[in-house]
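Below is one structure, written out as structure tokens; comments come after it.
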Amino acid sequence: MNKKIILMFVFGMFLFSLTFVSAETSYCAERTITGLWCQNVPLSQVDQNFQSSPTSCEATKYCGLGCCYDSNEGTCMRNTPEIVCTQKQGVWQDSASCEVPQCDLGCCLIGTEAAFVPKQRCKKLSSIYGLDIIFRTDITNEVQCILSTTSDKKGACVFEEEFQTTCKFTTKKECLDLKLENVSFHEDYLCSAPELGTDCARTEKTTCVDGKDGVFFLDSCGNVANIYDASRIKDPLYWTKILDVGGSCNSAGSNADSATCGNCDYYLGSTCKSYARSTDKKRPQYGDNICRNLSCNFEGKNYQHGETWCADSKGLKNTLPGSRAFRMVCYNGEVSVEPCADFRQEVCIQSDIDGFSTAACRANRWQDCVNQEKKKDCENLDKRDCTWISGSTVQCVPNFAPGFDFWSTDEGGQAEEICSQASVTCSVTCEKGLSGSTTCESTPKGCGDEKGLNAAWEAKQNLVCGGLGDCGVKLNYMGQKGFNEIGD
Amino acid sequence: MVKEGGNKKRGQVTIFVIVGIVIVAMAILIYIFYPKISSSLGFADETPSAYIQNCIQDKVSETVQSLSLRGGELNPENYFLYKDTKIKYLCYTNEYFLTCVMQEPMLKSSFEKEVSKEIKVNVESCMNNMKDNFRKRGYVVEGGGNSFEVEFLPERIVVRFNDSLTLTKGEDIKKYDSTQVSVTNNVYDLVAIANSILNWEATYGDSETTEYMNYYHNLKVEKYKQSEGTTIYILTNRDTGEKFQFASRSIAWPPGYGGITA
């Protein structure tokens with residue numbers, strides 16, 4: 001109990017001293033000598049050509065954070081000091097989270113595309129792309145916005161060119177804009193439809209289309225036809241009318257590496273790519289494009305496109321110095337590594353649903369472990385990440401103890417002070433009775449007897465020691481010894 | 001005699017072969033270096049735009065690529081040294097546990113101005129060469145100042161010259177009101193995504209990279225948290241290989257039991 005009180009006292013002292021030191025030396029610099037805006041720094045780092053005061057920036061007006069609105073681009077940037085915004089010709093408003101009318105998001109429908117942006121941004125996009133826009137404020141989230149896009153109906157635009165009846169697969173508007181003689185638009189028809197009598201015939205060629213996942217057939221005029229389906233290449237019906245993705249081959253699957261079906265789905269793990277012998281497992285039966293498999297192979301295990309999972313560096317389970325958690329990400333056939341915060345201040349959590357794993361780095365909640373007196377509170381995963389070690393001087397320790405930068409002057413001192421709290425002296429007093437038997441009493445109780453230290457007690461103390469941080473004599477995560485040895 | 005004649009003929013054939021090889025080699029060289037040769041000779045580029053385009057497009061691409069790797073500034077004052085590259089902090093706090101303060105709220109326009117600054121000398125040189133070129137071809141050149149601006153647009157970068165240019169040759173008067181150069185590049189999209197990530201950083205101190213990769217199928221977002229609390233973001237267009245890198249320090253965690261300032 002005494003040990004716990006001491007520990008709590010030490011933590012309290014740290015917080016108090018740091019707050020005190022901070023308040024004493026920190027200035028709110030509108031600009032620092034290194035050109036940073038609105039930072040709490042020592043006086044020596046303050047740029048004297050700008051405002052400063054010996055207080056926190058939160059308490060100043062000149063460094064109050066607001067929303068910087070770019071009236072030209074229609075973008076809103078949060079947490080911006082007024083001076084930074086106005087210097088760059090932005091419009092500053094007193095709302096750090098940009099809850100101002102100009103930044104209210106809506107659904108901007110531009111042609112067949114959609115973006116969930118402020119109104120001014122929508123207008124800007126309209127001027128960039130030269131397209132009419134519809135801005136809908138009734139749509140309140142991005143997913144709904146994207147789902148609300150409607151594409152103009154497409155079809156076969158048949159016309160005469162050089163004494164031949166030819167065709168272009170396009171929208172009705174574009175077709176009529178061609179302003180040619182004998183133009184007729186046939187909605188939902190493909191240019192290769194036999195009844196249209198054009199010179200566009202079916203071919204064995206395929207193509208990838210911008211903004212779409214699938215592999216598409218091409219007709220002899222270069223028009224896009226239906227999704228590549230080897231089994232229907234000679235079916236006149238398949239070359240007559242537009243078939244949607246749902247009605248095309250194997251629409252429930254990703255069709256990754258399929259030689260016969262080009263109904264790719266990015267979210268299921270495939271997309272149209274030009275066939276490459278070194279990458280793709282199968283050669284398409286027709287054409288040069290295939291649904292590229294976007295899954296990843298990592299350390300002999302297969303991960304689906306979009307999966308994220310946790311990985312530990314060596315020694316994380318034993319909280320060795322230098323160890324940390326990582327999140328691995330599989331996208332487009334590539335695995336990237338996202339380190340969680342160093343010094344084990346973040347842990348990686350993972351859940352699996354039907355074999356699809358999702359992981360995230362989140363804060364390691366070790367801070368109040370040592371304050372817990374009950375096992376139930378200690379192991380409450382909703383509140384903290386701690387482990388109960390019954391019978392030790394400090395019974396509740398972090399699952400992953402935080403690391404120290406013990407090599408630096410300041411923190412090194414802190415590490416020594418923290419770690420020393422786990423040091424315990426075991427005193428054993430033995431009395432020899434008249435009958436010749438020996439009775440021993442130890443403080444703390446049970447720590448040892450006339451033969452020496454109790455191994456179980458010693459192991460527990462080691463756990464407590466390691467549980468406080470990078471304490472004790474340890475190898476680092478690479479298996480390298482530290483500077484000190486036992487007995488130093 | 002017959003033998004001698006045969007030798008002469010063989011010698012002639014050899015000369016013809018050598019001349020033929022030289023002609024083919026010259027043709028290949030002209031083909032390879034055609035734009036440069038033509039612009040130096042000054043007979044190919046009919047319009048000022050085409051001349052300037054040829055002259056500065058490589059410089060624009062190089063500059064944008066170089067600045068993109070540094071967060072939009074060639075020599076940033078506030079940077080994180082990542083793999084020997086100075087990457088600019090676009091959002092920063094020197095404290096622990098606090099969200100960052102936006103340092104570059106108008107990233108696109110700042111980046112555009114930085115590109116303008118870096119290509120200024122080359123643009124001026126190109127403009128002067130272009131004017132000299134037209135003068136050599138007998139034109140009287142009027143206007144065409146060196147004032148210009150750079151604008152990032154979807155899939156291209158436009159360098160727009162503000163002054164009109166008039167070329168006069170006898171009665172032939174050509175007036176160019178809007179000389180502009182367009183370079184294929186999609187840094188526009190990467191900057192827009194960087195802005196969105198920065199808003200996340202300023203609000204939550206972190207961002208979810210997979211959200212962006214779900215929406216933009218050709219985008220790769222890499223996030224590397226450094227020991228002292230900085231996060232390096234690398235945005236890559238998978239199709240073109242274009243990159244934009246920037247640094248942010250927001251809700252940083254101290255080592256061990258923590259301090260207040262870094």
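Each chain gets a letter, A, B and so on, in the order the sequences are listed, and its residues count up from 1. On a predicted model such as this, the values are computed, not experimentally measured, just so you know. Side chains included, hydrogens not; waters and symmetry mates left out as well; all remaining heavy atoms used.
The contact between A:Cys340 and chain B is made entirely by backbone atoms, counting heavy-atom distances below 4.5 Å. Both the backbone and the side chain of A:Val84 come within contact range of chain B, with heavy atoms under 4.5 Å apart. The parts of A:Cys38 that come within reach of chain B are both its backbone and its side chain, each placing non-hydrogen atoms under 4.5 angstrom from that chain. Heavy atoms of A:Thr308 lying under 4.5 Å from chain B belong exclusively to its side chain. For B:Cys91, no part sits under 4.5 Å from any heavy atom of chain A, backbone or side chain. Looking at A:Asp470, neither its backbone nor its side chain comes within 4.5 Å of chain B, counting heavy atoms on both sides.
With 2.5 angstrom as the limit on SG-SG distance, A:Cys68 and A:Cys85 come in below it. The SG atoms of A:Cys296 and A:Cys330 lie less than 2.5 Å from each other.
Here the two rings, on A:Phe343 and A:Phe404, have centers that are 6.0 Å apart or farther. In summary, the aromatic rings of B:His217 and A:Tyr267 are positioned with their centroids under 6.0 Å apart.
Within residues 197-205 of chain B, the residues having any heavy atom under 4.5 Å from a heavy atom of chain A are, by residue number, B:Leu198, B:Asn199, B:Ala202, B:Thr203.
Contact annotation: the side chain of B:Tyr233 never approaches that of B:Ile87 to less than 4.5 Å [non-hydrogen atoms, C-beta and beyond]. Looking at heavy atoms from C-beta onward, B:Ser248 lies out of side-chain contact with B:Tyr89 at the 4.5 angstrom threshold. Counting only heavy atoms from C-beta outward, the side chains of B:Ser49 and B:Gln53 never approach each other to under 4.5 Å.
Side-chain N or O atoms of B:Thr236 include none that pairs as donor or acceptor with a backbone N or O of B:Arg238 at under 3.5 Å.
Note on B:Ile251, B:Thr99, B:Asn214, B:Asn218: by heavy-atom pairs under 4.5 Å with chain A, the leading option is B:Asn214.
The neighbour count for B:Lys59 NZ, taken as heavy atoms of other residues, nucleotides or ligands under 6.0 Å away, is above 12.
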